[in-house]
2 protein chains.
Amino acid sequence: MISQAEENYLKALFHLTNEMQGKIEAGTNELAEILDVKPATANNMLKKLKEKEWVSYEKYGKITLTDKGKSLAVETVRKHRLWETFLYEKLNFTWDEVHEVAEQLEHIKSDKLVQQLERFLDFPETDPHGDPIPNAKGEIKFVNRKTLAEVEVGKTCKLISVKDNSSSFLQYVVKLGLGLSSKIKIISRQDFDGSMEIEVNKVRSSISKKVAQNLFVV
Amino acid sequence: MISQAEENYLKALFHLTNEMQGKIEAGTNELAEILDVKPATANNMLKKLKEKEWVSYEKYGKITLTDKGKSLAVETVRKHRLWETFLYEKLNFTWDEVHEVAEQLEHIKSDKLVQQLERFLDFPETDPHGDPIPNAKGEIKFVNRKTLAEVEVGKTCKLISVKDNSSSFLQYVVKLGLGLSSKIKIISRQDFDGSMEIEVNKVRSSISKKVAQNLFVV
DNA sequence: TAACGAAGTTAGATTAATCTAACAAATTTT
DNA sequence: AAAATTTGTTAGATTAATCTAACTTCGTTA
């Protein structure tokens with residue numbers, strides 16, 4: 001049996017390693033940080049996860065998920081994203097509201113539930129943030145994404161997902177008039193700080209480089 | 001903040017008191033029994049619930065829910081029954097599969113979720129077992145039910161709910177050819193033990209008095 | 001390369017929910 | 001009403017997940 005806390009640790013490790021481009025191992029402190037616990041707590045849990053053979057790591061070494069650990073993590077990510085899709089498409093939740101509730105729903109234990117939920121949603125490929133939903137075998141369809149910061153001046157692109165899923169960031173994005181599939185035209189860019197002028201639905205706004213780097217477009 | 005365990009205790013107390021006809025107070029042992037914990041554990045939790053003013057009880061006395069406790073309990077019952085309805089109607093769960101998963105789902109914390117789920121299901125009045133679903137104000141529409149054991153020989157009645165929601169009992173009921181809305185004709189009854197011969201879809205079976213007392217009909 | 005700061009670990013305490021074993025009160029039976 | 005049975009309580013231990021404070025190791029930089 002896997003506990004909710006254990007699922008959260010595995011999921012966090014998955015995000016830190018397999019899902020981050022160019023990273024394959026994680027450290028105790030960064031793990032603790034994204035889970036909002038103290039390093040001592042993460043270290044303590046890591047021992048249990050190692051005991052269960054869901055992570056491999058040695059004292060003072062780096063952490064990686066084992067195959068079993070990764071597959072458990074992917075299953076949790078799959079549930080999270082299916083629930084987000086359900087909330088967004090069927091229950092009128094907004095973009096920025098889905099994450100918090102999905103964090104709870106992802107821990108419900110029932111294979112039939114997940115399988116039927118997926119069928120009910122008609123086998124969606126991405127969640128409301130544009131992130132890919134793993135299939136029942138744990139396979140994840142790779143989505144080729146670049147950030148808004150990389151788009152050339154004058155071009156128009158489509159918003160497909162965001163890197164930062166925090167409620168505050170999503171609310172800020174909504175305030176810019178942006179949503180999934182929004183068309184964004186790049187009007188100009190400042191060389192000295194990378195900030196840019198964009199146009200969405202004929203409305204112009206200025207956004208910082210940091211923000212642009214958190215918006216995935218295609 | 002209320003914990004899952006606390007919600008379970010309040011819900012159990014609600015079932016034992018307000019929802020049982022002719023009972024308004026409960027004892028430590030029976031509470032422990034339906035929660036499948038030891039009396040010592042229930043006693044320990046009772047102290048916390050009293051502290052939070054969700055139950056009123058004195059040492060060696062009987063337990064009753066306060067108004068606040070009852071309203072928390074009803075909210076949990078509401079969520080449980082809405083989720084059961086969702087699983088049954090939208091996700092192809094069978095009668096006997098819904099309970100276990102709803103036990104988990106009922107603890108998800110989100111007012112919007114419950115409100116939207118209810119709308120999505122088109123404001124159902126009863127769950128798949130025929131039990132009434134409390135509305136958003138906590139009001140419960142009373143359903144006048146008698147048990148199969150009370151029906152006269154020769155009469156035909158309709159199954160609307162079951163008292164025992166355990167998976168094993170529900171599976172037994174299904175094996176008798178019974179489901180929600182099944183028409184049941186009483187063929188005969190044995191005086192000495194109350195067992196009865198019934199006919200469902202032209203198939204006759206014999207059931208014990210105990211079983212008949214767990215089937216609500218109208 | 002020595003030392004400093006960052007990263008990681010350990011020991012011990014805390015909290016919630018549970019258990020067992022022993023005890024106390026209340027109720028029922030004889 | 002005394003004894004027996006049932007019901008309820010207490011004390012103390014356990015487990016999982018967390019914390020703080022002190023300590024150790026690693027890696028970088030002066």
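- At whole-Å resolution of the value, CG in A:Leu31 and C1' in C:dA7 are 13 Å apart.
- Residue A:Lys48 places at least one side-chain N or O closer than 4.0 Å to OP1 or OP2 of D:dA17.
- Atom CE of A:Met45 and atom P of D:dT15 are 16 Å apart (whole Å).
- Taking the six-membered ring where tryptophan is involved, the planes of A:Phe169 and A:Tyr172 are tilted, since the angle between them lies from 30° to 60°.
- Between D:dA17 and A:Ser3, a contact under 4.0 Å exists linking OP1 or OP2 to a side-chain N or O.
- The side chain of B:Asn43 places an N or O atom within less than 4.0 Å of a non-bridging phosphate oxygen (OP1 or OP2) of D:dT9.
- In this entry the distance linking NZ of A:Lys62 with P of D:dG27 reads 8 Å, nearest Å.
- Side chains of A:Ser195 and A:Arg189: no donor on one and acceptor on the other come within 3.5 Å.
- At least one side-chain nitrogen or oxygen of B:Lys47 sits closer than 4.0 Å to the OP1 or OP2 atom of D:dT10.
- With rounding to whole Å, A:Leu35 atom CG is found 14 Å from C:dG8 atom P.
- Partner of B:Glu6 under the salt bridge (charged side-chain N to carboxylate O under 4.0 Å, His left out) criterion, out of B:Lys48, B:Lys11, B:Lys52, B:Lys50: B:Lys52 alone.
- Between the side chains of A:Thr64 and A:Ser56, a donor-acceptor pair is found at a separation under 3.5 Å.
- Closest approach to the A:Asn29 side chain among C:dG8, D:dT9, D:dA17 is made by C:dG8 (side chain taken as heavy atoms from C-beta onward).
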Worksheet entry | Reading 5' to 3' through nucleotides 19-24 of chain D, protein heavy-atom contacts under 4.0 Å coded B for base, S for sugar-phosphate only, - for none | BB---B
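- The interatomic distance linking B:Glu58 (CD) with D:dG8 (C1') rounds to 14 Å, in whole Å.
- Among residues two or more places apart in sequence or in another chain, the ring-ring contact (aromatic ring centres under 6.0 Å, His included) test is passed with B:Tyr9 by none.
- There is no side-chain donor-acceptor pair under 3.5 Å between B:His129 and B:His99.
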